[in-house]
J.: 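My questions will all concern the structure given below.
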Amino acid sequence: MERKYSDEIIPDMDGRKVKIAGWVHDRRKLGGLLFLLVRDRGGLIQVTLPKKYVSEDVFEKARTVSKESVVAIVGEVKKEERAPRGYEIIPEKIDILSKAAAPLPLDPTGKVGVTLDTRLDNRVLDLRRPNVSAIFKIRDVMLSAARNHLRSKGFIEIQTPRIISTSSEGGTELFPISYFEKEAFLAQSPQLYKQMMMATGLDRVFEIATYFRAEEHDTIWHLNEITAIDCELSFIEDENDVMDVVEELVLAIIRDIRENCSEHLEGFNIEIKEPKTPFPRITYEEALEMLDEAGLKVPFGEDLSTESEKKLGELMLEKGWSMYFVTKFPLRIKPFYTMPDRDPRFSNSFDLEFKGREMVSGSQRIHDYDLLVKMIKEKGLNPQGFKTYLEAFKYGMPPHGGFGLGVERFLMLLLGLPNIREAVLFPRDRKRLEP
RNA sequence: GCCCUGGUAGUGUAGCGUGGCCUAUCAUACGGGACUGUCACUCCCGUGACUCGGGUUCAAAUCCCGACCAGGGCGCCA
């Protein structure tokens, strides 16, 4: 008999024999009456066992089966107003496919609290909780929305190497790995490769992939293994064209989630609103002025501290803006490939801020070979290490720009998750390598 | 890397300031029992813990030192 999911059964199927399967979520014993709540991907199903009407064997199995055991049940659908879904199953057969050990290391029904550490140690059980798995159903919609949107805008999806040689954009630390007789590293971003793609004539590319950062940070906001949506596009005027792409992408994702995730969003105490558009584009200098007026001094030329970034978020939210760009960062604090502004102190760069946190970072890139070599040297890096990257700029490179969007950060901010680790199935941080 | 806070049954917690009355609280889970409409069912009985190592003291869950682990903030970083 074909298995049915709980949400495929309706009260009108009264009298039909069905097979269901799932985990024993809870059990309520009332002497001669026993309720078994079975959880599957579609939710919970009530299996009702009146002692008089089911076989002794079936009743005994249901009475003694441990919570979270996997069961398959064949029974009759009974329309019943007193049951949670308007129907219940009266079983004629119960197979215990896998017994769960007791007691459980955490409570999937969520009756008692549990710390994040315990949850992550027992992540598989944790993910059985509907509120937890909902995050990943939403994440799925997020990435699918991003793909659909970008494709509709003429971007093609690419895959660049995760294993890279020494040459990199500098900045963040890399994880070294052993690659036969050579030294190699895990990719921190697809930056150099996606730029090289601009010299191929593909014009617009995107990549959704995992990257590795060997930073020893330890916050609710950082991971050592992250997922990013990276885009790069050619023939732009300046960074404003890139910001247009970011804005449309972010809006497309939020709209898709609002449309398709209402069920998954139920457990979150949050209403996802479409941010006010167009997103303001305030320059670094303007941001500094706003902060100065609010009593927060940021030394000119320095990056915004966490405190000032959060403060700026508050100031913007007061004006009704939950999402906004900060543009024209000092060239000095940006990577070598960032296009300088007409005012050489600044750069054609931007961050997209959401709730006072950086979620996207992007810029117009340098497409001129000589300027690029000059900037590499100015950053104290050796052009020799960027040989293959630089080759791509020698034989015709269009003006281009791009950005990277942190998927976990977006998900965390959108859903109001208290810790970025919640947005990853199996987070990797400074201390955690298991599970 | 720095600063702050914490570590008590399977899980989540109370107790710690002012050491003794802790034979360590409560909830939930777990085992047993009663119960035919539960939906955090209810009720009765039971099992189960002071992170580790030193120290102070007549006496340490409680005070001190160290280690390990965790939570938060900052830095670095995106």
Side-chain angles (χ1 to χ4, degrees), chain A residues 25-37 43-54 59 63-64 66-68 78 80-86 88 90 100-122 125-126 129 169-174 188-191 211-230 302-310 329 333-335 349-354 357-363 403-410 412 418-421 429-432:
Chain A
H25 184 74
D26 210 351
R27 209 175 31 182
R28 300 199 182 92
K29 301 178 210 175
L30 286 83
L33 182 64
L34 194 154
F35 297 103
L36 206 60
L37 294 179
L44 296 174
I45 322 167
Q46 176 163 296
V47 178
T48 305
L49 297 94
K51 199 167 189 172
K52 279 185 192 164
Y53 300 112
V54 299
F59 192 87
R63 198 181 67 84
T64 54
S66 57
K67 279 187 191 176
E68 294 304 315
K78 192 180 155 215
E80 171 57 69
E81 283 181 9
R82 288 173 293 182
R85 283 176 183 267
E88 58 193 17
I90 312 294
L104 300 161
L106 58 79
D107 170 25
T109 65
K111 279 183 218 166
V112 287
V114 61
T115 61
L116 183 60
D117 196 43
T118 304
R119 288 177 45 201
L120 293 177
D121 282 343
N122 302 280
L125 271 176
D126 184 45
R129 299 162 72 196
E169 52 179 302
T172 192
E173 296 286 321
L174 301 175
Q188 56 158 167
S189 88
Q191 182 63 35
Y211 304 106
F212 308 89
R213 309 274 166 96
E215 298 295 331
E216 300 211 1
H217 34 52
D218 193 4
T219 77
I220 56 163
W221 181 240
H222 291 87
L223 291 166
N224 293 297
E225 188 177 54
I226 60 169
T227 305
I229 303 173
D230 266 274
E302 299 278 305
D303 207 350
L304 300 180
S305 66
T306 306
E307 188 194 6
S308 46
E309 206 179 352
K310 282 181 187 168
F329 283 94
I333 60 171
K334 285 290 163 183
S349 58
F350 65 87
D351 283 357
L352 176 67
E353 299 279 325
F354 184 23
R357 295 282 204 175
E358 176 190 339
M359 189 175 90
V360 176
S361 194
S363 67
F403 64 90
L405 179 156
V407 170
E408 288 83 13
R409 286 187 173 184
F410 193 4
M412 174 191 181
N419 194 309
I420 199 165
R421 289 162 181 81
D429 61 36
R430 180 70 186 86
K431 291 165 182 169
R432 185 175 287 278

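Lettering follows sequence order; numbering is per chain, from 1.
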J.: Spell out, as yes or no, whether a donor-acceptor pair under 3.5 Å connects the side chain of A/R85 to the backbone of A/I45.
T.: no

J.: So how far is it from A/L223 CG to A/R213 CZ, rounded to the nearest 0.5 Å?
T.: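 One gets 10.5 Å once the value is rounded to the nearest 0.5 Å.
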
J.: Taking only N and O in the side chain of A/T115, is any of them less than 4.0 Å away from OP1 or OP2 of B/A70?
T.: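 For B/A70, neither OP1 nor OP2 has a side-chain N or O of A/T115 closer than 4.0 Å.
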
J.: Which is more 5' along RNA chain B, the nucleotide nearest A/I220 or the one nearest A/R430? Just name the residue.
T.: A/R430

J.: With respect to the side chain of A/K29, which nucleotide from B/G72, B/C35, B/G75 is positioned closest?
T.: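 When the side chain of A/K29 is considered, B/C35 is the closest of B/G72, B/C35, B/G75.
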
J.: Paired with B/G1: which nucleotide, if any, by Watson-Crick or G-U wobble criteria at under 3.5 Å for both distances?
T.: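 Across all strands, the one nucleotide that pairs with B/G1 is B/C74.
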
J.: Pick the C1' atom in B/C45 and in B/C35, then give their distance to the nearest Å.
T.: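 It works out to 16 Å between them.
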
J.: Using a 4.0 Å heavy-atom cut-off, does A/I333 contact any base of the nucleic acid, only the sugar-phosphate backbone, or nothing at all?
T.: nothing

J.: Is there, by distance only and without an angle test, a donor paired with an acceptor across the side chain of A/H222 and the base of B/C77 below 3.5 Å?
T.: yes

J.: Below 3.5 Å, does any donor atom in the side chain of A/E88 face an acceptor in the base of B/G37, or the other way round?
T.: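 Yes.
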
J.: Base, sugar-phosphate, or nothing for A/D351, non-hydrogen atoms under 4.0 angstrom?
T.: nothing

J.: Rounding to a whole Å, what distance do you find between A/D107:CG and B/A9:P?
T.: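 It works out to 17 Å between those atoms.
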
J.: Could you check whether A/G113 gets within reach of a base, just the sugar-phosphate, or nothing at all, counting any heavy atom under 4.0 Å?
T.: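 Touches sugar-phosphate only.
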
J.: Nearest to the side chain of A/P103, which nucleotide is it out of B/G10, B/C77, B/U38?
T.: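 The listed nucleotide nearest to A/P103's side chain is B/G10.
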
J.: Could you tell me how far B/C52 sits from B/G46 if I compare only their P atoms? Round to whole Å.
T.: 28 Å

J.: Give me the distance, rounded to whole Å, that separates B/C58 from B/A14 when you measure between the P atoms they each carry.
T.: 32 Å

J.: Grab the NE2-P distance between A/H217 and B/G73 for me, whole Å please.
T.: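 Checked: the NE2 to P distance equals 14 Å.
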
J.: Tell me whether A/S349 contacts the main-chain N or O of A/F329 through its side chain, where contact means a donor paired with an acceptor under 3.5 Å.
T.: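 At least one qualifying donor-acceptor pair exists.
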
J.: Looking at A/N419, does any N or O in its side chain come under 4.0 Å of the phosphate oxygens OP1/OP2 on B/G72?
T.: yes

J.: Side chain of A/V112, heavy atoms from C-beta onward: which of B/U11, B/C30, B/C74 has the nearest atom to it?
T.: B/U11

J.: Using atom CZ of A/R421 as one end and atom P of B/G71 as the other, report the distance to the nearest whole Å.
T.: 6 Å

J.: Would you mind pulling out the nucleotide paired to B/U18, Watson-Crick or G-U wobble, both distances under 3.5 Å?
T.: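 Base partner found: none.
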
J.: Given that both distances must come in under 3.5 Å, which nucleotide forms a Watson-Crick or G-U wobble pair with B/G46?
T.: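 Per the H-bond distance test, B/C30.
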
J.: NA contact type, A/P84, heavy-atom cut-off 4.0 Å: base, sugar-phosphate, or nothing?
T.: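 If one applies the 4.0 Å heavy-atom cut-off, A/P84 turns out to touch a base.
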
J.: Give the nucleotide from the list B/A29, B/G72, B/G37 with an atom nearest to the side chain of A/R82.
T.: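 The listed nucleotide nearest to A/R82's side chain is B/G37.
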
J.: A/R27 has an atom CZ; how far is it from atom P of B/U38, in whole Å?
T.: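 It works out to 19 Å between those atoms.
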
J.: Can you tell me the base-pairing partner of B/C68? Count Watson-Crick or G-U wobble geometry only, both distances below 3.5 Å, and say none if there is no partner.
T.: B/G7

J.: On RNA chain B, does the nearest nucleotide to A/I226 precede the nearest nucleotide to A/G32 from the 5' side, or the other way round? Give the residue.
T.: A/G32

J.: Is the backbone N or O of A/E358 less than 3.5 Å from a side-chain atom of A/R409, with the two atoms forming a donor-acceptor pair by type?
T.: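 Yes; at least one donor-acceptor contact below 3.5 Å.
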
J.: Ignoring the backbone of A/Q46, work out which of B/G75, B/C39, B/A70 is nearest its side chain.
T.: B/C39

J.: Measure CZ/A/R432 against C1'/B/C69 and give the value in whole Å, please.
T.: 11 Å

J.: Find the distance A/K51:NZ to B/U36:C1' and express it as a whole number of Å.
T.: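 After rounding, the reported distance stands at 11 Å.
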
J.: For the side chain of A/A83, starting at C-beta, report the closest nucleotide among B/G10, B/G37, B/G12.
T.: B/G37

J.: So, is A/K431 close to the B/A70 phosphate, meaning a side-chain N or O under 4.0 Å from OP1 or OP2?
T.: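 For A/K431, the contact criterion (side-chain N or O under 4.0 Å from OP1 or OP2 of B/A70) is met.
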
J.: Rounded to whole angstrom, note down the C1' distance from B/C16 over to B/U8.
T.: 11 Å

J.: Can you tell me how far C1' in B/G6 sits from the matching atom in B/A67, rounded to whole Å?
T.: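 Between the two C1' atoms, the distance is 16 Å.
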
J.: Mind checking the NZ-CD spacing from A/K78 to A/E88? Nearest 0.5 Å is all I need.
T.: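 Result: 5.0 Å between the selected atoms.
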
J.: Give A/E307 one of three labels, base, sugar-phosphate or nothing, depending on what nucleic acid heavy atoms sit under 4.0 Å from its own.
T.: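 No contact.
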
J.: How would you label the contact of A/K310 with the nucleic acid (heavy atoms, under 4.0 Å): base, sugar-phosphate, or nothing?
T.: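 If one applies the 4.0 Å heavy-atom cut-off, A/K310 turns out to touch the sugar-phosphate alone, with no base involved.
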
J.: Are A/D117 and A/R421 ion-paired here, with the side-chain N under 4.0 Å from a carboxylate O?
T.: no

J.: Quantified in whole Å, what is the C1' atom distance between nucleotide B/A27 and nucleotide B/U13?
T.: 8 Å

J.: Can you tell me how far C1' in B/U62 sits from the matching atom in B/U25, rounded to whole Å?
T.: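 Their C1' atoms lie roughly 15 Å apart.
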
J.: Just the rounded figure in Å: distance from C1' of B/G7 to CG of A/L116.
T.: 16 Å

J.: Counting just side-chain N and O atoms, does A/T48 come under 4.0 Å of either OP1 or OP2 of B/G37?
T.: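 So the side chain of A/T48 is outside the cut-off, no N or O lying under 4.0 Å from OP1 or OP2 of B/G37.
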
J.: Starting at CG of A/L49, measure out to CZ of A/R27 and round the result to the nearest 0.5 Å.
T.: 11.5 Å

J.: Heavy atoms under 4.0 Å, any strand shown: does A/T109 hit a base, just sugar-phosphate, or nothing?
T.: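 The answer is nothing, as A/T109 stays clear of every strand by at least 4.0 Å.
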
J.: Let me confirm one number: the NZ-CG distance from A/K334 to A/D303, rounded to the nearest 0.5 Å.
T.: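 Those atoms lie 6.5 Å apart.
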
J.: Name the nucleic acid region contacted by A/L106, choosing base, sugar-phosphate or nothing; use a 4.0 angstrom heavy-atom cut-off, strictly under.
T.: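 No contact.
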
J.: What interatomic distance, in whole Å, is found between C1' of B/G48 and the corresponding atom of B/G55?
T.: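 Approximately 31 Å lies between the C1' atom of B/G55 and that of B/G48.
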
J.: Using Watson-Crick or G-U wobble geometry with both distances below 3.5 Å, tell me the partner of B/U23, or none.
T.: none

J.: Looking at every non-hydrogen atom in both residues, tell me the closest pair between A/W221 and A/I420 and how far apart they are.
T.: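 Between these two residues, the closest heavy atoms are O-CD1, 3.8 Å.
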
